[in-house]
Amino acid sequence: MHRLWINPSIGSSLLVIMLLVATPASAENMTQKVEQILALGADDAYGEYLAGECIACHSRTADASDSIPMIYGKPPETLTAMLLAFQMGARKNPTMQSVAEALNAAEIAALVFYLSKTEYVCGESTSSSAC
Amino acid sequence: MKNLTRREFTALLGLGTAALATPITLLGQAKPKVVVIGGGAGGATAARYLSQGAKGAIDVTLVESSTQYTTCFYSNLFLGDFRNFDSITHSYDKLAADHDITIVNGYAKEIDRSQQMVMLEDGTKLAYDALVVAPGIDIQYESVPGYSEAASQIAPHAWQGGSQTQILKEKLDALENGENIVMVAPPNPYRCPPGPYERASMMAHLIQSKGFTDSKVTILDVKPKFSKQGLFTEGWETHYGDIIEWISPEIHGGILSVDANSGTVETDLDTFEAAVLNIIPAQQAGAIAVSAGLSDDSGFCPVDGHSMRSSADEKIYVIGDASIAGAMPKSGFSANSQAKVAAMNVLGDLLDSRVFAAKYSNTCWSLIAADNGVKVGAQYEADDAGQIVSTSTFISQTGEDAALRKTTYEESVGWYASITADMFG
Ligand SMILES: Cc1cc2nc3c(=O)[nH]c(=O)nc-3n(C[C@H](O)[C@H](O)[C@H](O)COP(=O)(O)OP(=O)(O)OC[C@H]3O[C@@H](n4cnc5c(N)ncnc54)[C@H](O)[C@@H]3O)c2cc1C
């Protein structure tokens, strides 16, 4: 827990991490993993290519569907923690677990920095919390 | 004259890497030309990603014989009254308006590979530096004895979108209690492995929602087993009792002949009679891919899984159902995924832009009954031999609760909106 407070860049993913993992020890472990991945840095051309997979399900229009959440414009640490949660099976959805399992650390880093910079549009009949 | 790639061009001039920042068009060279044949799931995506990635540095031309595209994906839901026809039909207007793509409404009749030229039926000639071939499938009518293109107007296959889907829908809507439906399911490989069984589910759903108690759906399969079999069998028993009967080739002994006019299918076992016949024959790559010599004995086109480049011609990429994509099933999702890898490689060839290791993905959802969706999917990459292999897979489980099945169905609704926006939006 303590670590999370002394590293402000990780602050925004604190909530996500605490919701996803059962114990403070695993939260700390997760925080470390997120930091390690983000330290690999951005590669936007690679991120854009990899995001071609995501957009088949995750539309950039926020009202397309509530069943598939908006993933654009979120902080990189939040996205990383979410992908790791699917990868570790802490969050269950067979599709997303399979998607996340096929990503290595460098790929996650490239993806999350690109996705966080990607804008989304709010549709007319949106009920999405992203708008 | 052969168009040079950017790498060759700068090398020729002895320019250093600084020159790479200058668009090739400023150096007096004509823009490279890319032609995409087929504006379906694969071709529309390829054209879009080519135009997006080239940012004006390439002329992208999309050749499509129809003025609009009705998806086969979700066409079963149209048959089951979960969707209307308009909602599965897409125009090319947005693709043309929002992207730098020349859309040519015409039929590609021939590819002259030595001249790097596509000939259209109306005589138009389109030169290319790279060609993406995405014509989907052709139906092998003669693979079912007695069946023909003419017979498909009476006994539709509905395995290509549009009018075939509408003919089948009209026949299903005209069904009366006591009348039966017979489907002949196709041999592997064919587009959308779970498709026939999702369709049978939607047919049974219609029978049930009309309150018919004496009508049945019989599937005469030419395969001893099929995709998501456990899930479908469980769902059919739960929702439809004995409305759907699946008969394996070991039982019926083979399809001897089909007579569309009298509505009969003769097998070793018996002669089946139906008011609605849905005959789904064997399939092969679209005619243009075959006539251009891109296919092998299987009727489909071998490619290098690292790029979707044709094994027969380095200037040509084959994507979607027409290709042999290793472990990937023939699906709209797969075609969309392959299109992005092909587009990246075409851009690499022509503009010397970065090319990353190929990664592909697919999920096929099927609707068994209202709010009862199941899915199967995988992630893929290419191995050292250039074969596409799966790296992780998943499938819905039997015995899942109703809430999960509803969520799975709702995911597919989100997916349909997203992927069609990615193709045509
Ligand atoms: C009943 C059914 C249900 C399905 N459900 C799903 C599903 O749930 N999910 C999924 O992912 N997939 C599904 N599919 C599969 C999906 O429809 C195909 O895999 C997908 O359309 C393949 O894309 P493609 O680009 O290769 O071919 P197509 O989408 O068929 O596109 C080919 C295009 O090329 C054009 N064309 C062909 N030849 C020429 C030529 N010579 N000149 C000009 N134009 C030409 C055609 O008019 C067509 O528009 C389903 C299929 C069926 C039949």
Side-chain angles (χ1 to χ4, degrees), chain A residues 42-72 83 86-89 91-104 106-111 114-115 118 120-130, chain B residues 41 45 48-49 52-53 331-341 343-344 347 353-363 365 373-381 390-397 400 404 406-423 425:
Chain A
D43 180 346
D44 286 341
Y46 194 26
E48 183 178 6
Y49 163 63
L50 293 169
E53 174 182 0
C54 324
I55 203 163
C57 292
H58 293 278
S59 163
R60 282 170 59 181
T61 305
D63 70 349
S65 155
D66 280 342
S67 55
I68 304 184
M70 171 57 58
I71 58 169
Y72 308 97
L83 288 172
F86 284 119
Q87 210 172 58
M88 299 178 324
R91 182 167 170 185
K92 301 230 183 298
N93 177 287
T95 307
M96 269 315 297
Q97 285 170 258
S98 178
V99 167
E101 273 163 27
L103 297 170
N104 64 30
E107 290 167 336
I108 293 180
L111 258 172
Y114 172 76
L115 292 173
T118 303
Y120 59 86
V121 287
C122 291
E124 281 163 17
S125 60
T126 191
S127 57
S128 168
S129 54
Chain B
T45 309
R48 184 204 181 137
Y49 278 74
Q52 246 168 227
S331 76
F333 202 132
S334 295
N336 170 267
S337 178
Q338 292 157 7
K340 292 166 190 175
V341 170
M344 171 178 66
L347 294 171
S353 54
R354 286 169 73 191
V355 175
F356 305 103
K359 285 182 80 119
Y360 307 93
S361 152
N362 175 61
T363 298
W365 285 270
V374 291
K375 59 183 174 182
V376 56
Q379 269 47 53
Y380 305 88
E381 57 186 39
S390 64
T391 51
S392 60
T393 61
F394 63 91
I395 183 164
S396 295
Q397 302 298 307
E400 286 172 346
L404 179 54
K406 184 165 192 279
T407 305
T408 303
Y409 167 60
E410 282 165 356
E411 277 175 26
S412 80
V413 177
W415 162 77
Y416 186 89
S418 299
I419 204 159
T420 52
D422 195 35
M423 293 164 181

Go through A/G52, A/A102, A/A56 and name the one with the most non-hydrogen pairs under 4.5 angstrom from chain B.
A/A56
Among the listed options B/S353, B/S392, B/A421, B/G425, the residue most often paired with chain A at heavy-atom distances under 4.5 Å:
B/S392
Chain B heavy atoms under 4.5 Å from A/Y46: which part of the residue, side chain, backbone, both or neither?
both
Could you go step by step and tell me if B/E411 and A/N93 meet the side chain to side chain contact (heavy atoms under 4.5 Å, CB included) rule?
CA-CA 11 Å; B/E411 277 175 26; A/N93 177 287; 2.9 Å; yes
Do the side chains of B/F394 and A/Q97 get nearer than 4.5 Å, heavy atoms only?
no
I'd like to know if B/R354 pairs up with A/D43 as an ion pair, taking the criterion as any Lys NZ or Arg NE/NH1/NH2 lying under 4.0 Å from an Asp or Glu carboxylate oxygen.
yes
If we only count heavy atoms from C-beta on, is the B/S418 to A/H58 side-chain gap below 4.5 Å?
no
Side chain, backbone, both or neither: which part of B/F333 has a heavy atom under 4.5 Å from chain A?
side chain
Between B/E410 and A/S67, which heavy-atom pair has the shortest distance, and what is it?
O-OG, 2.7 Å
Evaluate A/T95 against B/T363 for side chain to side chain donor-acceptor pair (under 3.5 Å), listing each step before the verdict.
CA-CA 8 Å; A/T95 307; B/T363 298; 4.8 Å; no
B/S396, part contacting chain A, at a heavy-atom distance under 4.5 Å:
neither
Would you mind reporting whether A/C57 and B/Y416 have side-chain heavy atoms less than 4.5 Å apart?
no
Compare all side-chain heavy atoms of B/K359 with those of A/L103 and state whether any distance is below 4.5 angstrom.
yes
Drop me the distance from B/I419's CD1 to A/S59's OG, to the nearest 0.5 angstrom.
11.5 Å
Heavy-atom distances under 4.5 Å only: say whether B/A357 touches chain A with side chain, backbone, both or neither.
backbone
Using heavy-atom distances under 4.5 Å, tell me whether B/S337 contacts chain A through its side chain, its backbone, both, or neither.
neither
Is the shortest side-chain N to carboxylate O distance from B/K340 to A/E53 below 4.0 Å?
no
Closest approach of A/Y49 and B/V341, non-hydrogen atoms and distance?
OH-CG2, 3.6 Å
By a 4.5 Å heavy-atom criterion (distance strictly below it), what part of B/Y49 contacts chain A: side chain, backbone, both, or neither?
side chain
Please report the interatomic distance OG(A/S98) to CG(B/N362), rounded to the nearest 0.5 Å.
10.5 Å
Is there a side-chain contact between A/L50 and B/F356 in this structure, where contact means two heavy atoms from C-beta onward sitting under 4.5 Å apart?
no
